[in-house]
Participant: 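Before I ask anything, let me first share the structure, which is written out below as structure tokens.
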Amino acid sequence: MDIPKQYDPKEAEQHHYERWERSGFFAPEINKDPAAEVFSIVIPPPNVTGSLHMGHALQHTLMDVMTRHKRMCGYRTLWLPGMDHAGISTQLMVSRALKEEGKSRHDLGREKFVERVWQWKAESGGQITVQMRREGASVDWSREKFTMDEDLSRAVYEVFVRLYEEGMIYRGNRIVNWCPHDQTVLSDLEVEKLPQSGKLYYLQYPIKNSERHVTVATTRPETMLGDTAVAVSPTDDRYRDLVGETVLLPLTNREIPIIADEYVDPEFGTGAVKVTPAHDPNDYEMGLRHSLPEVVVIDLYAKMTADAGADFAGLDRYKAREKVVADFESLGLLEKVVDYEFSISKCERCKTVIEPLISLQWFMKMDQVRDLALDLLAREHKPRFVPETYEKIYTNWLENLRDWTISRQLWWGHQIPAWYTPDGQVVVARSEEEAREKAGTSELTRDPDVLDTWFSSALWPFSTLGWPNETDDLKTFYPTSVLVTARDIIFLWVSRMVMSGMKFMGKEPFADVYVTGTVLDSQGQRMSKTKRNGIDPLEVFDKYGVDATRLTLAQIGSTDTRWNEKQVESYRNFANKIWNAARFCLLNSDGAEVKPETLDNASALQDRWIVSRLNKTARDLNAAINAYEFHQAVQLLYHFFWDDFCDWYIELSKSDVTAEQESAARTEARTRLLTVLEQALRLLHPFMPYITEELWQRLPGEKHLHSAYAGAEPTVMLTAFPAGNANLIDEAAESEMQAIIELISRVRNIRSEMNIKPSERIPVIVAASDENLRRVFSSAREQISRLVRASEISVNGQVEAPRASARAVLTGGAEVAIPLEGLIDFEQERRRLQREQEKLQAEAKKLEAQLENPNFVSRAPAERVNEVRARIAEIAQQSAQLQQTVENLQ
RNA sequence: AGGCACGUACGUCAAUGGUAGACGGCUUCCCUUACAAGGAAGAGGUUGGGGGUUCGAGUCCCUCCGUGCCUACCA
């Protein structure tokens with residue numbers, strides 16, 4: 001058999017995925033057990049324009065670990081993939097391409113443009129689905145969905161119509177966030193606030209029939225052209241007499257009132273605020289309270305309107321600002337200008353400064369669905385957030401929820417199913433046909449707007465399963481088991497899925513929400529396209545392999561972590577270790593094959609021990625994965641495989657396994673080794689799908705699949721995940737092995753400290769007063785001898801060693817001595833033993849102090865107190881032995 | 001401005017209130033026939049500072065310092 005010394009991940013990553021997918025292993029139908037429990041996850045649909053980044057890789061790894069684990073446990077599993085049409089980004093991307101041809105979307109017209117977007121999607125959309133295959137994601141591609149698919153669109157319209165009929169969706173004029181670049185309205189969540197250093201301008205407004213003036217402060221002087229009032233605090237004595245007076249608004253011929261409103265903070269600025277209802281959300285609210293007129297002075301393109309006055313009409317908002325300031329200065333009404341830090345709202349996508357504008361839009365009332373979500377949490381504590389701290393954030397946001405602006409002035413997306421009759425009547429329907437019927441006329445104009453992308457994603461957990469039809473999938477897989485996502489879309493997406501799930505399914509969309517951490521760059525900065533500090537997962541895959549990258553990501557779990565390539569490298573080394581361990585097993589496998597039953601009746605200590613370790617690891621691993629403790633899971637696997645299996649089990653079995661002479665004992669040892677390896681590969685599989693499949697395929701023997709997958713093609717991904725059989729956990733074997741490991745370690749320690757060359761063989765004298773311990777050491781004599789490179793080993797009741805020996809005291813009253821005639825430096829040996837003595841005494845001192853505290857003895861659990869007592873006794877005994885040893889040196 | 005996290009070895013991170021660990025790095029030795037991407041043995045910590053609760057605190061409470069993130073209408 002020809003197996004290279006180094007593991008080549010690319011080789012293994014090449015063929016397995018294609019076979020897994022082709023053989024239908026990812027689809028729930030592979031499970032033939034009608035009574036199987038169900039496990040389902042819907043993927044957070046990546047943007048159709050997107051490509052894989054570290055955040056995806058992290059989420060996908062965790063989802064895949066859970067899915068593969070549950071599948072191997074016999075669950076009917078579905079991990080449903082899909083993509084989001086991503087309204088604005090996609091439209092922008094295609095518009096940009098058009099621009100290169102010298103065209104705009106308006107040149108094409110709506111219909112042609114949308115066709116063009118579909119064409120783009122067919123040709124170059126969905127890069128990420130190719131990249132997900134590379135990750136090894138075991139999603140069911142046969143159920144892949146896209147938010148603009150016909151069936152998902154049907155769900156969108158159904159929801160819209162139902163909500164409209166219930167009065168939860170309405171159309172109205174309200175102040176909204178407008179992006180002058182993208183020419184669309186944005187929800188509050190699509191706006192980002194950035195700190196900005198700017199200026200605060202103090203403008204003087206003359207008061208009618210008076211010599212006085214009132215000074216207002218503003219960061220946006222150009223909006224003064226649209227002022228319709230000046231507001232002061234009702235509690236502000238400075239302005240009390242001015243309330244009700246009239247201001248002569250400079251640069252315009254308008255007169256506006258001075259009003260009193262609670263909103264005004266007398267402490268800030270001058271205590272007087274200019275009110276521009278058409279261009280500021282707070283002023284808008286104030287305007288409503290005081291029935292102020294709304295004077296629109298800025299248009300959709302952020303240029304001044306005719307109402308701004310002839311001098312300003314057509315000017316860009318920033319030019320207008322300069323001119324207003326200059327005009328005030330020449331009128332002597334500019335009191336002062338000071339530097340000022342404030343935050344500015346920008347479009348999340350194009351970074352253009354948002355213009356708050358009054359505009360006719362569609363909105364969704366959130367009160368009712370918000371209460372459904374809050375009730376679900378209060379009554380059933382669902383969804384359960386992991387880590388649970390996110391529950392507070394989620395609740396807090398829900399409690400402060402406002403109406404959702406759902407219309408967007410785009411062409412790419414679900415066009416709002418509302419039609420207008422010639423006389424301005426609104427008809428909302430599932431289709432144009434239904435609209436005609438309702439309206440009683442065919443002269444209808446459809447609303448040109450589309451819905452916010454998140455409107456369709458909010459339905460994802462049930463729209464993807466066939467809703468509004470009552471499909472089998474919907475019945476089987478809803479509610480889903482867990483949602484895995486990054487924290488930045490808890491509001492945008494998670495909460496909205498809960499609300500719509502409760503509203504339309506009457507059940508929560510998922511039981512748990514697992515919020516992943518953020519992968520930061522080495523400086524602790526968030527990775528972002530604009531900063532260009534992102535690490536491309538595909539490059540990491542190429543360099544270290546997918547499996548090593550997955551282990552790194554899995555252990556990150558929900559912690560924010562700085563990206564550390566060294567960690568990946570160490571897991572690459574781990575993969576290589578697995579490879580070479582398997583290589584050893586296979587190179588010594590003649591005449592043997594995997595036989596699971598050989599693990600149930602092991603008799604030799606090392607066999608009982610590894611079986612015990614295997615089952616304990618499996619037990620703990622299952623618990624860790626089920627509790628979303630991925631870091632713990634990775635640690636368990638790493639140490640079981642490397643420490644227990646490679647460092648000890650292989651080494652202890654080596655002489656049996658590599659015996660030149662064929663024998664029943666050799667075959668048996670080889671069989672056990674292969675069988676333990678096969679079990680270990682199963683444990684590793686959810687985390688490292690490629691290397692485990694590659695090696696598993698090479699193992700000889702008839703390897704059984706989980707009974708739910710009987711008849712399927714052989715693959716490690718459909719074997720039974722080891723459950724961790726309590727009957728095979730053997731504490732006696734573990735503690736006996738521990739004694740052997742301790743003995744070997746102490747001898748090696750002596751060798752190292754005494755600078756004994758590795759090639760030099762030394763006699764080893766072991767003594768134990770305990771008969772069982774003597775038996776344990778004796779029967780492992782050959783293995784111990786090999787691992788410490790001993791020339792001879794004796795095991796007795798008492799130490800009978802020459803004075804010139806290095807010694808160590810072991811647990812359980814055992815001792816080891818190494819005669820070192822001529823090699824030993826007595827002074828050095830005494831110091832070495834003295835150091836050990838000091839360590840023991842320090843520990844004993846601490847423990848004794850505890851016992852001397854009467855409160856500890858009376859209040860701490862008895863079990864704990866006994867542990868301390870036992871440990872003190874153990875130390876006392878070892879210490880006495882050490883003392884004796886030191887004295888013998890004199 | 002409020003809210004929420006976080007601060008542990010040189011680095012990245014673990015640790016149901018019960019003797020502070022892992023991996024990498026570092027030091028010494030070894031190409032011992034699975035693996036030098038390896039083996040063996042080590043060094044390295046007043047858990048950001050201070051106070052409190054407790055028999056016992058990295059963990060719970062208060063406070064200060066530092067760092068992130070989220071939310072917010074301060075013109």
Side-chain angles (χ1 to χ4, degrees), chain A residues 3 5-7 188 193 200-201 216-220 223 231 263-265 267-276 280-286 340 342-343 387 389-390 392-393 396-397 400 487-488 490-491 518 520 522 524-526 544 548 552 555-556 559-567 569-588 629 631-632 634-635 638-639 646-647 650-651 654 658 744-745 748-753 755-759 786-789 843 846-847 850-851 853-861 863-865 867-868 871:
Chain A
I3 307 170
K5 274 184 161 186
Q6 270 195 8
Y7 171 53
D188 290 344
K193 308 251 164 132
L200 191 58
Y201 301 87
V216 296
T218 180
T219 54
R220 301 196 58 195
T223 61
Y263 162 75
V264 180
D265 174 4
E267 304 294 317
F268 187 85
T270 63
V273 184
K274 60 190 275 308
V275 183
T276 323
D280 182 281
N282 303 306
D283 293 4
Y284 178 76
E285 297 291 331
M286 238 191 295
Y340 186 61
F342 62 104
S343 68
T389 175
Y390 292 106
K392 267 183 263 173
I393 300 174
N396 191 39
W397 184 78
N400 296 306
R487 74 175 134 253
D488 51 352
I490 292 178
F491 307 142
T518 309
L520 306 167
S522 60
Q525 299 280 312
R526 242 189 132 75
Y544 298 104
T552 310
Q555 81 159 359
I556 286 175
T559 347
D560 289 358
T561 302
R562 297 180 183 210
W563 182 253
N564 185 355
E565 198 172 290
K566 287 281 180 193
Q567 187 63 256
E569 193 180 328
S570 110
Y571 287 130
R572 189 268 318 257
N573 295 352
F574 180 53
N576 196 50
K577 187 77 180 176
I578 296 169
W579 182 259
N580 277 291
R583 181 167 179 267
F584 173 81
C585 300
L586 289 168
L587 290 176
N588 295 288
E629 289 165 0
H631 185 277
Q632 174 68 10
V634 172
Q635 295 297 311
Y638 189 92
H639 292 292
C646 294
D647 287 353
I650 289 184
E651 293 306 328
K654 212 169 225 173
T658 59
I744 293 169
S745 303
R748 284 171 170 175
N749 172 271
I750 290 170
R751 290 189 65 120
S752 174
E753 293 210 11
N755 294 319
I756 297 165
K757 280 191 201 131
S759 54
R786 195 160 32 79
L787 294 182
V788 303
R789 302 187 72 76
E843 194 187 337
K846 259 197 216 166
L847 296 174
Q850 272 192 312
L851 275 187
N853 181 345
N855 285 328
F856 173 69
V857 180
S858 60
R859 298 196 190 181
E863 194 187 335
R864 177 84 206 133
V865 177
E867 270 173 37
V868 172
R871 181 63 192 148

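A note on names: the letters A, B, ... follow the listed sequences, proteins ahead of strands, and every chain is numbered from 1. Nothing here was measured: the structure is a model prediction, and the numbers come from that model.
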Participant: For B/rA22, does the base pair up with any side-chain atom of A/Gln635 as donor and acceptor (N or O, under 3.5 Å, distance only)?
Facilitator: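 Answer no: no donor N or O sits under 3.5 Å from an acceptor.
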
Participant: Using the C1' atom in both, what is the distance from B/rC30 to B/rA36, to the nearest Å?
Facilitator: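 Their C1' atoms lie roughly 10 Å apart.
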
Participant: Output the rounded distance in Å from CG (A/Asn853) to C1' (B/rG56).
Facilitator: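 Spelled out: CG on A/Asn853 to C1' on B/rG56 is 9 Å.
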
Participant: Under 3.5 Å, is there a donor-acceptor pair between the side chain of A/Asp560 and the main chain of A/Thr518?
Facilitator: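 Confirmed, A/Asp560 side chain pairs with A/Thr518 backbone.
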
Participant: Residues in salt bridge (Lys or Arg N to Asp or Glu O under 4.0 Å) with A/Asp280, at least two apart?
Facilitator: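 Result, salt bridge (Lys or Arg N to Asp or Glu O under 4.0 Å) vs A/Asp280: none returned.
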
Participant: If the P atom of B/rG48 is compared with that of B/rA20, how far apart are they to the nearest Å?
Facilitator: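 These two P atoms come out 15 Å apart once rounded.
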
Participant: Expressed in whole Å, how much space separates the C1' atoms belonging to B/rU59 and B/rA14?
Facilitator: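 Pairwise C1' distance, B/rU59 against B/rA14, rounds to 13 Å.
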
Participant: Who passes salt bridge (Lys or Arg N to Asp or Glu O under 4.0 Å) against A/Asp488, sequence neighbours left out?
Facilitator: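 A/Asp488: salt bridge (Lys or Arg N to Asp or Glu O under 4.0 Å) contacts with A/Arg526.
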
Participant: Report yes or no: do A/Gln555 and A/Tyr571 form a side-chain donor-acceptor pair below 3.5 Å?
Facilitator: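 The criterion, which ignores hydrogens and geometry beyond distance, is satisfied for A/Tyr571 and A/Gln555.
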
Participant: Sequence neighbours left out, what passes salt bridge (Lys or Arg N to Asp or Glu O under 4.0 Å) with A/Glu867? Give chain and number order.
Facilitator: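 If we apply the salt bridge (Lys or Arg N to Asp or Glu O under 4.0 Å) test to A/Glu867, skipping adjacent residues, the hits are A/Arg864.
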
Participant: Between A/Thr559 and B/rA14, is there a side-chain N or O to OP1/OP2 distance below 4.0 Å?
Facilitator: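 Affirmative; the distance criterion is met.
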
Participant: Looking across every strand, which nucleic acid part, if any, lies under 4.0 Å from A/Cys585 by heavy atom: base, sugar-phosphate, or nothing?
Facilitator: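 Contact class for A/Cys585: none.
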
Participant: Out of B/rA37, B/rC13, B/rU19, which has the shortest distance to the side chain of A/Thr561?
Facilitator: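 That would be B/rC13.
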
Participant: Report the residue (A/Lys566 or A/Arg583) whose heavy-atom-nearest nucleotide on RNA chain B is the more 5′ of the two.
Facilitator: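 Result of the comparison: A/Lys566.
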
Participant: Tell me, please, which residues at least two apart from A/Lys846 pass side chain to side chain contact (heavy atoms under 4.5 Å, CB included).
Facilitator: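 A/Lys846 satisfies side chain to side chain contact (heavy atoms under 4.5 Å, CB included) with no other residue.
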
Participant: Can you tell me the distance, in whole Å, between the NZ atom of A/Lys757 and the C1' atom of B/rC29?
Facilitator: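 About 12 Å, once rounded to whole Å.
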
Participant: Looking at residues at least two apart in the chain, or sitting in another chain, which of them share a salt bridge (Lys or Arg N to Asp or Glu O under 4.0 Å) with A/Lys654?
Facilitator: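 So A/Lys654 forms a salt bridge (Lys or Arg N to Asp or Glu O under 4.0 Å) with A/Glu651.
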
Participant: Using the test side chain to side chain contact (heavy atoms under 4.5 Å, CB included), find all partners of A/Asn855 that sit at least two apart in sequence or belong to another chain.
Facilitator: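 Listed in chain order: A/Asn853, A/Ser858, A/Arg859.
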
Participant: Nearest-Å distance, CD (A/Glu651) to P (B/rU32)?
Facilitator: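 Spelled out: CD on A/Glu651 to P on B/rU32 is 13 Å.
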
Participant: Taking B/rG17 as the reference, what is the distance to B/rC13 when you measure between their C1' atoms (whole Å, please)?
Facilitator: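 To the nearest whole Å, 22 Å.
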
Participant: Restricting to side chain to side chain contact (heavy atoms under 4.5 Å, CB included), what partner residues turn up for A/Ala231, sequence neighbours left out?
Facilitator: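 Testing A/Ala231 for side chain to side chain contact (heavy atoms under 4.5 Å, CB included), a comparison that skips the adjacent residues, returns A/Ile259, A/Val264, A/Val275, A/Met286.
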
Participant: What about A/Gln555: does its side chain form a donor-acceptor pair under 3.5 Å with the base of B/rA22?
Facilitator: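 Looking at the base of B/rA22, it does not pair with any donor or acceptor on the side chain of A/Gln555 (distance under 3.5 Å).
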
Participant: Whole-Å distance between B/rA14 P and A/His631 NE2?
Facilitator: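 Nearest whole value for this atom pair: 6 Å.
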
Participant: Tell me the interatomic distance from A/Arg751, atom CZ, to B/rU32, atom P, rounded to whole angstroms.
Facilitator: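 Going from CZ in A/Arg751 over to P in B/rU32 covers 14 Å.
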
Participant: In whole angstrom, give the distance that lies between atom CH2 of A/Trp563 and atom P of B/rC13.
Facilitator: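 Whole-Å distance recorded here is 12 Å.
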
Participant: Taking the minimum atom-to-atom distance to the side chain of A/Phe856, which one of B/rC13, B/rG24, B/rG18 wins?
Facilitator: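 Among the listed nucleotides, the one closest to the side chain of A/Phe856 is B/rG18.
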
Participant: Both distances under 3.5 Å, Watson-Crick or G-U wobble: on that basis, could you give the dot-bracket string for RNA chain B, with [ ] for crossing pairs and | for other-strand partners?
Facilitator: (((((((..((((....[..)))).(((((.......))))).....(((((..]....))))))))))))....

Participant: Would you list the protein and nucleotides 39-42 of chain B atom pairs, both N or O, that sit under 3.5 Å from each other?
Facilitator:
unit_1, atom_1, unit_2, atom_2, d
B/rG39, OP1, A/Lys577, NZ, 3.0
B/rG39, OP1, A/Trp642, NE1, 2.5
B/rA41, O3', A/Asn749, ND2, 3.0
B/rA41, O2', A/Ser752, OG, 3.0
B/rG42, OP1, A/Asn749, ND2, 2.1

Participant: When the P atoms of B/rC31 and B/rG39 are considered, how many whole Å apart are they?
Facilitator: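 B/rC31 and B/rG39 have their P atoms separated by 16 Å.
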
Participant: Atom pairs under 3.5 Å, N or O on each side, protein against nucleotides 5-11 of chain B: can you list them with distances?
Facilitator:
unit_1, atom_1, unit_2, atom_2, d
B/rA5, OP1, A/Lys392, NZ, 3.2

Participant: When all nucleic acid strands are considered with a 4.0 Å heavy-atom cut-off, which category describes A/Pro861: base, sugar-phosphate, or nothing?
Facilitator: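 The answer is base, as A/Pro861 lies within the cut-off (heavy atoms under 4.0 Å) of a base atom.
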
Participant: Determine whether a donor-acceptor pair (N or O, by modelled atom type, separation under 3.5 Å) exists between the side chain of A/Thr270 and the backbone of A/Ala272.
Facilitator: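 Between the backbone of A/Ala272 and the side chain of A/Thr270 there is a qualifying donor-acceptor contact (under 3.5 Å).
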
Participant: Say you pick atom P in B/rG38 and the same atom in B/rU32; how far apart are they, in whole Å?
Facilitator: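 Going atom to atom, P in each nucleotide, I get 15 Å.
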
Participant: If you measure from the P atom in B/rC10 to the same atom in B/rU46, how many Å do you get, rounded?
Facilitator: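 It comes out at 8 Å once rounded to the nearest Å.
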
Participant: Reading nucleotides 68-75 of chain B from the 5' end, what letters show protein touch, with B for base, S for backbone sugar-phosphate only, - for no heavy atom under 4.0 Å?
Facilitator: ---S-BBB

Participant: Roughly how many Å apart are B/rU27 and B/rU16, using the P atom of each and rounding to a whole number?
Facilitator: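 The answer is 34 Å between these two P atoms.
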
Participant: Without decimals, in angstroms, what is the distance between A/Ile756 CD1 and B/rC30 C1'?
Facilitator: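 From A/Ile756 CD1 to B/rC30 C1': 14 Å.
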
Participant: To the nearest angstrom, how far is A/Ile556 atom CD1 from B/rC23 atom C1'?
Facilitator: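 Value for this atom pair: 13 Å.
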
Participant: Heavy atoms under 4.0 Å, any strand shown: does A/Gln6 hit a base, just sugar-phosphate, or nothing?
Facilitator: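 Result for A/Gln6 = base.
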
Participant: Under the rule for side chain to side chain contact (heavy atoms under 4.5 Å, CB included), what residues qualify as partners of A/Val865, not counting sequence neighbours?
Facilitator: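 For A/Val865, the residues satisfying side chain to side chain contact (heavy atoms under 4.5 Å, CB included) (neighbours in sequence not counted) are A/Leu851, A/Phe856, A/Ala860, A/Arg869.
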
Participant: Select base, sugar-phosphate, or nothing to describe what A/Ser759 touches, counting heavy atoms under 4.0 Å on all strands.
Facilitator: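 The answer is nothing, as A/Ser759 stays clear of every strand by at least 4.0 Å.
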
